Novice: 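Below you'll find the structure I mean.
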Amino acid sequence: MSISFDSALGVHPYALNVRTDRARILAGNLANVDTPGYLARDVDYKSILGRVAQQVAAKEESSAIAGGRLQDDMQHPLYRMPYQVSMDGNTAELSVEQSKFANNATDFQTSLTFLNMKLSGIAKAIEGR
């Protein structure tokens, strides 16, 4: 009997990829907080992961999931509307970016923990424990 890693691991590997890419985007926002005219960017994590969850449930191949719209969404993040407009046109706000970055890091760690538990369970099943 073969193991389908897509069905065994679910959305967790994709969640880690999206969280990693989102951390890169948010780090760019943080680095440009004082750059005049910089437009803050972000991705809609919930809609991306919801779509990935549907694809995993439909048992699509992992290459189709990772290479299709997921890759396009991560390469073309959306612009974010600021809470308070800046005089120089910059839409990145330090406190907002720090909060989103910290939240993303926490969610990344949670996804990593879930993935570790899944892999641990698979290893125990293979060993017969």
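The model shown is predicted, which means the values in this text are computed figures rather than measured ones.
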Novice: Counting only N and O atoms by type, is there a donor-acceptor contact under 3.5 Å from the side chain of Thr20 to the main-chain atoms of Leu16?
Specialist: yes

Novice: At what distance, to the nearest 0.5 angstrom, does NZ of Lys124 lie from OG of Ser120?
Specialist: 4.5 Å

Novice: Rounded to the nearest 0.5 Å, what's the gap from CG on Asp42 to CG on Leu26? Could you check?
Specialist: 5.0 Å

Novice: Tell me whether Tyr14 shares a hydrophobic cluster with Phe114, the cluster being built from Ile, Leu, Val, Met, Phe, Trp, Tyr side chains joined at under 4.5 Å.
Specialist: no

Novice: Between CD of Glu93 and NZ of Lys100, what distance do you get to the nearest 0.5 Å?
Specialist: 10.0 Å

Novice: Check whether any side-chain N or O of Asn32 sits under 3.5 Å from a backbone N or O of Gly28 as a donor-acceptor pair, and report yes or no.
Specialist: yes

Novice: Do Asn29 and Tyr38 have a side chain donor and acceptor closer than 3.5 Å?
Specialist: yes

Novice: Quick one: pull up OH in Tyr45 and CZ in Arg19 and give me the separation to the nearest 0.5 Å.
Specialist: 4.0 Å

Novice: Enter the distance from Asp21:CG to Asn104:CG here, rounded to the nearest 0.5 Å.
Specialist: 10.0 Å

Novice: Could you report the tightest heavy-atom contact between Phe101 and Ala23, atom names first, then the distance?
Specialist: CE1-O, 3.5 Å

Novice: Return yes if some donor-acceptor pair links the side-chain N/O of Thr91 with the main-chain N/O of Ala40 below 3.5 Å, else return no.
Specialist: yes

Novice: Is Asn90 reaching over with its side chain to a backbone N or O of Val33, donor-acceptor style, under 3.5 angstrom?
Specialist: yes

Novice: Can you establish whether the number of heavy atoms outside Asp34 located under 6.0 Å from its atom CG is more than 12?
Specialist: no

Novice: Name all residues meeting the side chain to side chain contact (heavy atoms under 4.5 Å, CB included) criterion together with Lys46; count only those two or more places apart in sequence or in a different chain, and write none if there are none.
Specialist: Asp44

Novice: When you look at Leu30 and Leu94, which way does the side-chain contact (heavy atoms from CB on, under 4.5 Å) test go after all the steps?
Specialist: CA-CA 7 Å; Leu30 278 167; Leu94 182 62; 3.9 Å; yes

Novice: Are more than 12 heavy atoms, taken from residues, nucleotides or ligands other than Gln84, located less than 6.0 Å from that residue's CD atom?
Specialist: no

Novice: Working to the nearest 0.5 angstrom, can you tell me the gap between Asn17 CG and His12 NE2?
Specialist: 13.5 Å

Novice: Does the pair Arg80/Glu97 count as a salt bridge with the N-to-O cut at 4.0 Å?
Specialist: yes

Novice: Taking side chain to side chain contact (heavy atoms under 4.5 Å, CB included) as the test, write out the residues that go with Thr113, two or more places apart.
Specialist: Gln109, Met117

Novice: Is Ile25 linked to Val96 within one hydrophobic cluster, defined over Ile, Leu, Val, Met, Phe, Trp and Tyr using a side-chain heavy-atom separation of less than 4.5 Å?
Specialist: no

Novice: Do Arg41's NZ or CZ and the ring of Tyr79 fall within the cation-pi criteria of under 6.0 Å and 45°?
Specialist: yes

